[in-house]
Amino acid sequence: MPPKRKAQAALDDDDFDEVEEEALSDQDTFDKLKQALDPVAMGKRARANHAVDAASFLFKKCDQWDAALKPDHANRPLWVDDAGHIILESFSPIFDEAQDFLINIAEPQSRVSRIHEYTLTPHSLFAAVSVGHSSQEIIDKLERYSKTTLSPSVLVFIEKSTSSFGKAKIVLKKNMYFIESDDASVLQRLLRDPVIASCRADADAGLIQEAAPKLGQMAIPGTKMAGINQPTQAAAPPVEPRPSDMIAALRVDEDEEDVAQVHSFRIEDQERNQVIKRCQDIGLPLTEEYDFNNDFTNTNLDIDLNAHTQIRYYQEKALSKMFSNSRARSGIIVLPCGAGKTLVGITAACGVKKSIMVLCTSAMSVVQWRNEFLKWSNIKPEDIAVFTSESKNLFPRGAGIIISTYTMITSTKNRSHDSAQVMKFIQDREWGLLIADEVHVVPAAMFKKVTYSIKSHAKLGLTATLLREDDKIEDLNFLIGPKLYEANWQELSEQGHIAKVQCAEVWCQMTPEFYAEWLKPSSVQKRALLSIMNPRKFQACQFLIDYHERRGDKIIVFSDNVYALEKYAKKLQKVYIYGGTTQTERLRILENFQHNADVNTIFLSKIGDTSLDLPEATCLIQISSHYGSRRQEAQRLGRILRAKRRNDEGFNAFFYSLVSKDTDEMFYSSKRQAFLVDQGYAFKVITRLEGLEQRPDLAFSTPQDRRELLMDVLLAKDADADEEKIAGDMFGSKFASTGSRAKRKNVARRTAGTLSELSGGQDMAYIEYSKSRNKELKKKGMKNDFLRKLTKVPKK
DNA sequence: GACGTAGCAA
DNA sequence: CTTGTTGCTACGTC
């Protein structure tokens, strides 16, 4: 390799370069290889019980830790490498306990059926310590489960990461934030940091010193045996002790032993996030815990789970992480859709028994949360206030629940008088617990605003998929807290808590005429539309709908593209819902889908991703999707996980992705699936649907039909623009004042009817128009430049 | 209450 | 040169 190229290669990929060097240029590589493959030598190594195989030297860089296997390695389920990467064998007899342990201390990377991968990170270890594991305990258990002795670097990493964790806390007292520790030197160390020192509110004073509250025991509501988590069951009362009992208990303790001391200093409210972030950056992360048992200043909320409400074991597990030392710890709980996130939130609320704030993404889930609270707990309806655009009431007593949306809390502009008043009420009080629903959708900037407005002792984040396509997810760690629990989807579906799902990707060839058009240079949008409207895909969709309707399934078809949605639905004579569908129409369609035996298929646009809840659906077909969004994929799958029929004998839900072969869709599809594959879902690839050609009523079966469809598709985009142009020209002055948004809606409503009437001649006319229109737009300084759109050449 | 608008998110 | 397209909420007006 010439030096220049080699340097370049080294820049590109250091490791690879080195391996290549070793493999290709070294003279003794050949000897090594020969030696490695020599059966006698191999046998020797095997007898020596070393984790070495014929090719291992090739991976030197990635696999430095090649310690000897322990003699009983077969009974130990873990491989732990040098860099904190852990592989867990799910077929091990002690898989369950090993997994329980790993979830606490490491970040799950992928959990496919036989092999699960985890990584030790500072965050995951922080979470472990804050949940109550000691550094020694982590090392001991890892050592016990590992097939080899642990590498020194892993030991150092764990020691280093855990030693400083959990030393300092952030607490809310009398509406003020304090940094608290039982070790004054830790606080002094923090105050030596200029950033933290500048956030201090009581700069002139020394450290505050007071008696530490005694740790109590608490039972999680809704569990079969209260006290199941406690070492001494007799000592744990079945229900949370009333304050009076607590005071009595405290007095006894004070008599018996010396009371531990805690030290603290106060910080400015608005600097809370900065302090938390800074502490994390300097390796002394703060934990946030709420000792609600000893909070006698805030009014108790009269709430308990209904007598017959039982929570499931994984919900209990998640909550036990939150309440393990009888305090409410801030953090995030990850459960798949349909696994009962709401109930976890409600149970947590019943544990804390103080004023609760619930934040949701939409007004609809606000209503759902309210209903769930009434369903599972004995909360009085008047104690739940709903704060949305149409309802701005407050609770009458000293404590209560407010359910609201993120936008309601965070939007600062244009606040109406009523909502300003409610906001003041919210800002002026201390909240026991803040429940953040669908916490993954909340970008950090927005959540910061939330923490300014709502002073809460503890925060509980709930989500199904703790992932975003951007890197904003990291911030949740310091805005809310560490991940407390993450459920395994496969395990839950095996136990029938969520539906079993068969996933398949259906590869559809492009028809020659469509592919020829696709290959021509044109806009990205046009290409996307061509691959969505591919007649073979259409046929596959028709076939699958028919097949599953015969089986008695209820089917949802998703399309992000409204044009395609409308085309598909109309051609197949199915109902469809998209953003433009009126509220009453939506309800009518959903009602029919749920109860009318003749309506078994509905077509949904992106609307179905968030705002609709359809427990009847058992089969899901995706005909187009947005780029490589893993979250969307997971969320859509989640739509059928809560299938009502999931406990029927042998029941299976189905999830199909229709993909046009040899187009960009192939790439996006694999990207989108990454998350589900890691959750253990196997995707089958279907390239041929048996019996498809034999169907007599197959759509677009003649070349003539396909050509007509192609024409339609080719005109579609232009038609959109054309409509816009006409609208703009005819009502130019009117729309100029109302903004581009009105035009958009107008276009969406009007395209469908006129599409087939358009001819090529009119299309040409459009180009002429659009040029002049373009100038006009430029003059007006408008952003929408249609000529540019039209003449845009794809990147490739 | 229907409609339009702005702003935001993916 | 990021860049869409669709959807939702909250609010103001008629």
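Every chain is numbered from 1 and lettered A, B, ... according to where its sequence line falls, protein lines coming before strand lines. What's counted below: heavy atoms across the whole structure, side chains too, no hydrogens, waters or symmetry copies.
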Colleague: Ignoring backbone atoms, test whether A:Lys392 places a side-chain nitrogen or oxygen under 4.0 Å from the OP1 or OP2 oxygen of C:dC11.
Modeller: yes

Colleague: On DNA chain C, compare the nucleotides closest to A:Asp560 and A:Phe387; which residue's is nearer the 5' end?
Modeller: A:Asp560

Colleague: Between C:dG7 atom P and A:Gln583 atom CD, what is the distance in whole Å?
Modeller: 13 Å

Colleague: Using atom CD of A:Gln635 as one end and atom P of B:dA9 as the other, report the distance to the nearest whole Å.
Modeller: 16 Å

Colleague: To the nearest angstrom, how far is A:Ile409 atom CD1 from C:dC11 atom C1'?
Modeller: 16 Å

Colleague: Does the cation-pi check pass for A:Arg631 over A:Phe675, that is, NZ or CZ under 6.0 Å from the six-membered ring centre and within 45° of its axis?
Modeller: no

Colleague: Just N and O in the side chain of A:Ser605: are any of them under 4.0 Å from OP1 or OP2 of C:dG7?
Modeller: yes

Colleague: Tell me what A:Thr405 touches on the nucleic acid: a base, only sugar-phosphate, or nothing, going by heavy atoms under 4.0 Å.
Modeller: sugar-phosphate

Colleague: Verify the ring-centre separation between A:Phe514 and A:Phe538: is it less than 6.0 angstrom?
Modeller: no

Colleague: Without decimals, in angstroms, what is the distance between A:Met408 CE and B:dC8 P?
Modeller: 16 Å

Colleague: Between B:dA10 atom C1' and A:Met446 atom CE, what is the distance in whole Å?
Modeller: 13 Å

Colleague: OP1 or OP2 of C:dG7 versus the side-chain N and O atoms of A:Arg586: is any pair under 4.0 Å?
Modeller: no

Colleague: Atom CD of A:Gln421 to atom P of C:dA10: distance rounded to whole Å?
Modeller: 18 Å

Colleague: From CD of A:Glu390 over to P of C:dA10, roughly how many Å is that when rounded to an integer?
Modeller: 8 Å

Colleague: Checking contacts here: which listed nucleotide (C:dT9, B:dA9, C:dC8) is nearest the side-chain heavy atoms of A:Ala363?
Modeller: C:dT9

Colleague: Please classify the nucleic acid contact of A:Asp609 as base, sugar-phosphate, or nothing, using heavy-atom distances under 4.0 Å.
Modeller: nothing

Colleague: Is there a side-chain contact between A:Ser389 and the phosphate of C:dA10, meaning an N or O under 4.0 Å from OP1 or OP2?
Modeller: yes

Colleague: Measure the shortest side-chain to side-chain distance between A:Leu462 and A:Val344 over non-hydrogen atoms and say whether it is less than 4.5 angstrom.
Modeller: yes

Colleague: Compute whether any side-chain donor of one residue and acceptor of the other, for A:Thr388 and A:Ser391, lie under 3.5 angstrom apart.
Modeller: no

Colleague: I need the CD-P distance between A:Glu438 and B:dA10, as an integer number of Å.
Modeller: 12 Å

Colleague: Please determine if a side-chain N or O atom of A:Ser419 lies less than 4.0 Å away from the OP1 or OP2 oxygen of C:dC11.
Modeller: yes

Colleague: Is it true that the NZ or CZ of A:Lys554 lies under 6.0 Å from the centre of A:Phe593's six-membered ring and within 45 degrees of the ring axis?
Modeller: yes

Colleague: Taking only side-chain nitrogens and oxygens of A:Gln632, does any of them come within less than 4.0 Å of OP1 or OP2 of B:dA10?
Modeller: no

